[in-house]
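Below, each value reflects all heavy atoms present in this structure, side chains not excepted, and no hydrogens, waters or symmetry copies. Both counts, for ligands and for their atoms, begin at 1 and track the order of listing.
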Amino acid sequence: MSIPAVPTRRPFVWPIRGLAYGGDYNPEQWAPEVWRDDIRLMREAGVTMITLGVFSWGSIETADGSYDFSALDEVVGLLYEAGIAIDLATPTASPPIWLQQKHPEIVPTSREGVHYSQGGRLGWCPSSPVWREYAMRIVDVIAERYAQHPAVRMWHVSNELGGGNRHCYCDASAAHFRRWLTERHGTIDRLNQAWGTAFWGHRYGSFAEILPPRDSESAPNPALVLDFDRFSSDALLEHFLAERDLIRLHSPEHMITTNFMVAQGPDVVDYARWAPHMDVLANDHYSLAADPQREQELAFSADRMRGLDTGRPWMLMEHSTSAVNWQSVNRSKDPGELVRNSLAHVARGSDSVMFFQWRASTAGAEQFHSAMVPHAGERSKVFREVCELGGILAAIGEVAGSLVEAARVAILVDDEAGWAWRSGEKPHHDLPPSHAAREYHRALFNRGILSDVVPPWTDLSRYDIVIVPALFLVSDADARSVAAAAARGAVVLVTYLSGIVDETNRVRAGGYPGAFRDMLGVFGEEFFTVQDGETVTLRGDGEGISWRANTWSEKVHADESETVAWYETGQLAGSSAITRREVGDGQAWYVSTRLDQDGIDELVGRLLNAAGVHASVPVAPGLEAVRRVADTHSYLFLLNHSAASITVELGGFDLLGGEEHPHSVTIAAGAVRVLRESRRSGEALR
Ligand code: GLA
């Protein structure tokens, strides 16, 4: 099976009234008495939808071809009676032990050639025909049995595809990879040309000679590595599509999705290229204890989710009520943080708040992961906040279906570009591909400016500012679209490490940053990395610029652009560091170095001025404000991340307090308010 060129999507039919609230429910871990208690507690908490069945395969198909649905039938019935909708998962994330015993060949093989053992999560290779047959059989049986059940309102294919089987290097994968390469490149000569196999004399005589980039002593060909990343993403997408199409036969009317893991990127699979195949997009987001700006990281992930499809709400399918169990030192949430995190996702476009998982496991691999009902039970901060959140989501239910106010700033990101940067040897090996996107997003976040974090092939015509942050790989067409945005009047900012390679991962020779050189009017001659702990300073002429930078610098000639700032110290003292050029009705800026956050903040201020972009929401330190817009009203989310109360001069009906605030609103430390506002005339819906 290959991936259809024109994806088919269902119309967006939201499965319940209002916002969905709940989490993964794994009743097979518990005795039937506990199920009844679960239902009581779900009702108390205001749960409206749960994801059922993610890990249920081994309990349903207890031996090859023998099924026992008694427990699942009963749970489905209990949920139905309680009026709780079911997002029914296929259980393919976790194949049963009997299957892995019988067919150990389905278990993935690592790059080093280690054939993994049974018992892992997603312990299967997407290229294995044996796996596919068993997976399709269980999906078929489940879809046939439950598709018409009135409690089942949507479908959840497997779980976090790629989170455990991102790459498989076995022989079945190698054969599948060769078929994929034949389709992509057509002839072996074209492949040799694209991959530059003349280097080291590694020319292939036929597709049959190609292997995945398995372990070898020296660096692999970056073009081979990038194609293997693409292939691995496509192999998992093929699996998704096979499950989805089978479910559709039984359940033509319901939306089908799978849960993504969109974070800072690049991700395990290429979600931007998966997105058009989803009826609704769903994400799992977990904050990292070590991240110094967790709320901005959450916002970045949510802005990426919305950027995958700005025309529909998306779903927060999983997050945590408190600590996870897989970071090195797991952090519990402060009082109120659970509610703030949840509403931050809703503010940025999610129509659901779901958690992993409903009841904390006492055994198994995730026994120390937080849940909606913690080990302590009901008498706990977590359960009290879970109930509070249920009340809040019911009170703001009318927000469902509204869209986040149109952003005027786009930040371009692409997983392929990140994979390309990570493939093979590079001038700098400790620079995460997404660092620049995060840094520019942070400057906007701190100023209350909403940005859409979008793939480079997005229609850029509605944006006034386009930021291209270390977009290492870019196609000619996408580079042209960025230049067209500038010509049309947008302010475009391109940073170092952008447009360096083409889609085959080959360097665009003739001066950096290859794909954007003409638009920017610069000629970059050589990279100069800045060693750890060192900084360079920049000075501008008459612009009050005295900035510091680190990590990266570049010998740039401002051939057809004006220099905004020069390097003042370091190996490049005296040469251009930041340039600007008028392009058509817009501007194109080039930043050849990694400014520190203060420098980025100031630079972003200049871009906003140049483009005439101002915050459309109140701005204060520690305040996150985002607006969602519906036909007759808009909804202003005000989240106070600080330790002091914040008052904003602005009126609206407080959906949580149930009262009108005509002129000003105070948000207590750590609290959230959601104001319903009358729609102002002329406001743009997407
Ligand atoms: C992911 C998975 C869940 C669970 C959580 C733990 O989101 O989908 O099943 O393992 O991680 O944080």
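- Salt-bridge formation is not detected for the pair D140/R137: no Lys NZ or Arg NE/NH1/NH2 atom is positioned less than 4.0 Å from an Asp or Glu carboxylate oxygen.
- Near F356, meaning under 4.0 Å from any of its heavy atoms, are these atoms of ligand 1: 3 (C), 4 (C), 5 (C), 6 (C), 9 (O).
- Near E318, the atoms of ligand 1 lying under 4.0 angstrom from a non-hydrogen atom of the residue are 1 (C), 2 (C), 3 (C), 5 (C), 7 (O), 8 (O), 11 (O).
- Ranking the protein heavy atoms by distance from atom 5 (C) of ligand 1 puts Y286 OH, 3.5 Å first.
- Looking at R153 and D87, no side-chain N of the basic residue comes within less than 4.0 Å of a carboxylate O on the acidic one, giving no salt bridge.
- A side-chain N or O of H441 and one of Q296 form a donor-acceptor pair less than 3.5 Å apart.
- Close contacts between ligand 1 and N159 involve ligand atoms 2 (C), 8 (O), 9 (O) [criterion: under 4.0 Å to a heavy atom].
- Of the N or O atoms in W326, one or more lie within a sub-3.5 Å distance of an N or O in ligand 1.
- When the heavy-atom distances from atom 9 (O) of ligand 1 to Q357, R121, E160, H319 are ranked, the shortest goes to R121.
- Put simply, the side chain of D245 never gets that close to the backbone of A242: no donor and acceptor are under 3.5 Å apart.
- The proximity of E366 to ligand 1, defined as any non-hydrogen pair under 4.0 Å, is limited to the side chain.
- Between K381 and D334 there is no salt bridge, since none of the side-chain N atoms of the basic residue sits less than 4.0 Å from a carboxylate O of the acidic one.
- Taking the centre and axis of the six-membered ring of W30, the NZ or CZ atom of R359 falls inside the cone set by 45° and 6.0 Å.
- Residue H369 has at least one nitrogen or oxygen atom sitting less than 3.5 Å from a nitrogen or oxygen atom of ligand 1, judged on distance alone.
- The contact set between ligand 1 and D284, taken as ligand atoms under 4.0 Å from a residue heavy atom, comprises 7 (O), 8 (O).
- Applying the 4.0 Å criterion to heavy atoms of F55 picks out, from ligand 1, the atoms 9 (O).
- Separating the CD atom in E238 from the NE2 atom in H176 is a distance of 4.0 Å, to the nearest 0.5 Å.
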